[in-house]
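Notes follow the structure.
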Amino acid sequence: MRGYHDIGGDEAGCIPMEELPWLHWEKQTEAVRNLLGDGTRRIVSLDEMRRGFESFGADKYKALSFYRRRLEAMIDILVEKNVITREELDAAIAEQREIWGSKPGEGSAA
């Protein structure tokens, strides 16, 4: 049985052949993932990332962009492994919003 994330071979229409620039937060997400998964730290593996975003459920999976899925999966795994807590993450986000003056959903990963 195919999962909602397995779309290989499905009709998808034309594929845009244009280069899309990475957004800053996307680069940061990838950089953090690389640091967490490097040979020294091995905190979050690619297999764990895949398991993470393949367990979102179809609605959440389809609603998020590629890098937002990676970010959400990385957070879920870090919480699951007790590396961080949701409360610590929420506090750190609130602290940075105070510094940068942004509100939830504004100027962040979409």
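Side chains included, hydrogens not; waters and symmetry mates left out as well; all remaining heavy atoms used.
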Fill in: Enclosure of K62 NZ (heavy-atom neighbours >12, cutoff 6.0 Å)
no
Discussion item. For I99, I'd like to know if atom CD1 has over 12 heavy atoms of other residues, nucleotides or ligands within 6.0 Å.
Written reply: yes
Worksheet item: So which heavy atom on R2 is nearest to which on G8, and how close?
Response: NH2-O, 3.1 Å
Worksheet item: Would D90 and R97 pass as an ion pair if we require N to O under 4.0 Å?
Response: no
Discussion item. Does anything in residues 71-80 form a side-chain hydrogen bond (donor to acceptor under 3.5 Å, both in side chains)? List the pairs, not counting sequence neighbours.
Written reply: R51-E80, R68-E72, D76-R86
Worksheet item: Could you give all pairs that pass the salt bridge (Lys or Arg N to Asp or Glu O under 4.0 Å) test and reach residues 13-30, with sequence neighbours left out?
Response: E30-R70
Item to complete: Sorted by first residue and then second, give each salt bridge (Lys or Arg N to Asp or Glu O under 4.0 Å) pair with at least one member in residues 32-43; sequence neighbours left out.
Response: D38-R41
Worksheet item: Any ring-ring contact (aromatic ring centres under 6.0 Å, His included) pairs touching residues 62-90, not counting sequence neighbours?
Response: W22-Y67
Worksheet, complete the sentence: Contacts satisfying ring-ring contact (aromatic ring centres under 6.0 Å, His included) that involve residues 37-62 (not counting sequence neighbours) are Y4-Y61
Item to complete: Output yes when a side-chain donor or acceptor of R69 lies under 3.5 Å from a complementary backbone atom of R50, and no otherwise.
Response: no
Worksheet entry | I43/L35 under side chain to side chain contact (heavy atoms under 4.5 Å, CB included): CA gap, chis, key distance, verdict | CA-CA 9 Å; I43 297 170; L35 288 171; over 6 Å; no
Discussion item. Taking transitive links into account, so neighbours of neighbours count too, which hydrophobic residues share a cluster with I15 at under 4.5 Å side-chain distance?
Written reply: M17
Response to the item:
So NZ of K81 and CD of E48: to nearest 0.5 Å the spacing works out to 3.0 Å
Worksheet entry | Minimum side-chain heavy-atom gap T85-V79 below 4.5 Å | no
Worksheet item: Are L36 and I77 close enough that some pair of their side-chain heavy atoms sits under 4.5 Å apart?
Response: no
Worksheet item: Yes or no on side chain to side chain contact (heavy atoms under 4.5 Å, CB included) for M1 and D6, after CA distance, side-chain angles and deciding distance?
Response: CA-CA 10 Å; M1 183 172 141; D6 185 4; over 6 Å; no
